[in-house]
Amino acid sequence: MSNLNGWGLTARLISKHFGVLGDKVSEAIANFDPETATEADRDRLADTLRQTAQKLAAARSSFDKEHADVAKLRDLIATDEKASETLADRLAAGKISESTVSLFCDELEANKAKLPLEIQEEADAQEYMNELQKIVDALSNQLADFDAAAKKAMQALASANAQKDLQALRNERQEQLSSLSGLKGNSTALNALTRRAQAVSNEAAGMKIVADIAQKPLDQAAEIDAIRKSVAQPDTAGETTLERLKRLSGKSAAAA
């Protein structure tokens, strides 16, 4: 990870200040790969982040203390330097003992000698705090990268499952359509029903032929009988009333 080049000092500082966690941080930063990590790897990374964050909080408190100590020592030295300007006059006037002034000078010299050490301790505390901040940021980024990769993977899985379900549904529909199409063209029951209907139709046609043959003589006899009846009846269309009366009385027939 190129963005973490130069964190070797931090690893040494962490190893020096809290031992095993330094190795855990080094391993977490160097080896963690969001694309191939498992949930257990993420849990370990999150645990390392929590521990490092706790150390960062402690480092901030330590830096605040060192910074306050330096500021306090600077103020004390500045105050004593101002006071030293008046001590010579008071010493010359006999208003203060030489031993007291000597003690004051010893303390001022000791504080001035101590100041560089305090400043260095402040700087070390600040550097340690800043390096821990870099580690926390790096671990946080790795955790975010893992979660982003996991979310992407879950989305890809959901999309794949959706495609699978869609294809299964399409296959099911195609099977249903094929089944219905086969029933329409090749149904055994439908074919049998069609054949039965044709057989019944043929049977009915045959019966009609037979009936027609049997009915023909009857129709012919009825026709002959009708002819006879028409001949036997006299033509009365043009007869007079007297002729009609004679016909009905039977005299016409008797006269003949």
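We use all heavy atoms of the structure for the numbers below, so side chains are in, but hydrogens, waters and symmetry mates are not. Residue indices begin at 1 and follow the sequence shown.
- In this structure, NZ on Lys65 lies 8.5 Å from CD on Glu121, to the nearest 0.5 angstrom.
- Between the CG atom in Leu49 and the CG atom in Leu45 there is a gap of 6.5 Å [rounded to 0.5 Å].
- Each of Asp75, Leu73, Thr79 was evaluated against Ile77; a single residue qualifies, Leu73, per the side-chain contact (heavy atoms from CB on, under 4.5 Å) test.
- The CG atom of Leu91 sits 12.5 Å away from atom OG of Ser84, with the distance rounded to the nearest 0.5 Å.
- Lys112 and Glu81 are joined by a salt bridge, as a carboxylate oxygen and a charged side-chain nitrogen come within less than 4.0 angstrom of each other.
- Contact between Asp69 and Glu118 at its shortest, heavy atoms only, is CB-OE1, 3.8 Å.
- Hydrophobic clustering (side-chain heavy atoms under 4.5 Å, transitive across Ile, Leu, Val, Met, Phe, Trp, Tyr) keeps Leu115 apart from Phe63.
- Under a cut-off of 6.0 angstrom, the local environment of CD in Glu98 is sparse, with at most 12 non-hydrogen atoms contributed by other residues, nucleotides or ligands.
- For Phe104 against Leu87, the heavy-atom pair with the smallest separation is CD2-CD1, 3.1 Å.
- Distance alone, capped at 3.5 Å, places no donor-acceptor pair between the Thr86 side chain and the Lys82 backbone.
- With values rounded to the nearest 0.5 angstrom, Gln198 atom CD is found 4.5 Å from Asn202 atom CG.
- Between Gln126 and His67, every side-chain heavy-atom pair lies at or beyond the 4.5 Å cut-off.
- For the atom pair Arg50 CZ and Leu139 CG, the distance stands at 11.5 Å (nearest 0.5 Å).
- Note that CZ of Arg170 is 9.5 Å distant from CZ of Arg173, once rounded to the nearest 0.5 Å.
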Determine, step by step, whether Val101 and Cys105 satisfy the side chain to side chain contact (heavy atoms under 4.5 Å, CB included) criterion, reporting the C-alpha distance in whole Å, the side-chain angles of both residues, the deciding distance to 0.1 Å, and the verdict.
CA-CA 6 Å; Val101 173; Cys105 291; 4.1 Å; yes
Can you check side chain to side chain donor-acceptor pair (under 3.5 Å) on Thr100 and Ser97, steps first, answer last?
CA-CA 5 Å; Thr100 300; Ser97 65; 2.7 Å; yes
Run the side chain to side chain donor-acceptor pair (under 3.5 Å) test on Asn111 and Glu107 for me, step by step, so that the C-alpha distance in whole Å, both residues' side-chain angles and the decisive distance to 0.1 Å come before the verdict.
CA-CA 6 Å; Asn111 286 336; Glu107 290 183 358; 5.7 Å; no
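- A salt bridge links Lys134 with Glu131: the closest approach of a Lys/Arg side-chain nitrogen to an acidic carboxylate oxygen falls below 4.0 angstrom.
- Under the 4.5 Å side-chain heavy-atom criterion for grouping Ile, Leu, Val, Met, Phe, Trp and Tyr, Leu143 is connected to Ile135 within one hydrophobic cluster.
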Test log, rule side chain to side chain contact (heavy atoms under 4.5 Å, CB included), inputs Gln133 and Arg60
CA-CA 10 Å; Gln133 183 65 62; Arg60 287 174 177 173; 2.5 Å; yes
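- Counting only N and O atoms by type, the side chains of Glu175 and Asn171 include no donor and acceptor under 3.5 Å apart.
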Decide side chain to side chain contact (heavy atoms under 4.5 Å, CB included) for Leu117 and Glu122; before the verdict, give the C-alpha distance in whole Å, the side-chain angles of both, and the deciding distance to 0.1 Å.
CA-CA 9 Å; Leu117 179 61; Glu122 178 192 23; over 6 Å; no
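- Residues Met129 and Val70 fall into different hydrophobic clusters, defined by Ile, Leu, Val, Met, Phe, Trp and Tyr side chains chained together at heavy-atom separations under 4.5 Å.
- Ser140 places a side-chain N or O within 3.5 Å of a backbone atom of Val136 that can act as its donor or acceptor partner.
- The pair Asp89-Lys95 does not count as a salt bridge, with every side-chain nitrogen at least 4.0 angstrom from each carboxylate oxygen.
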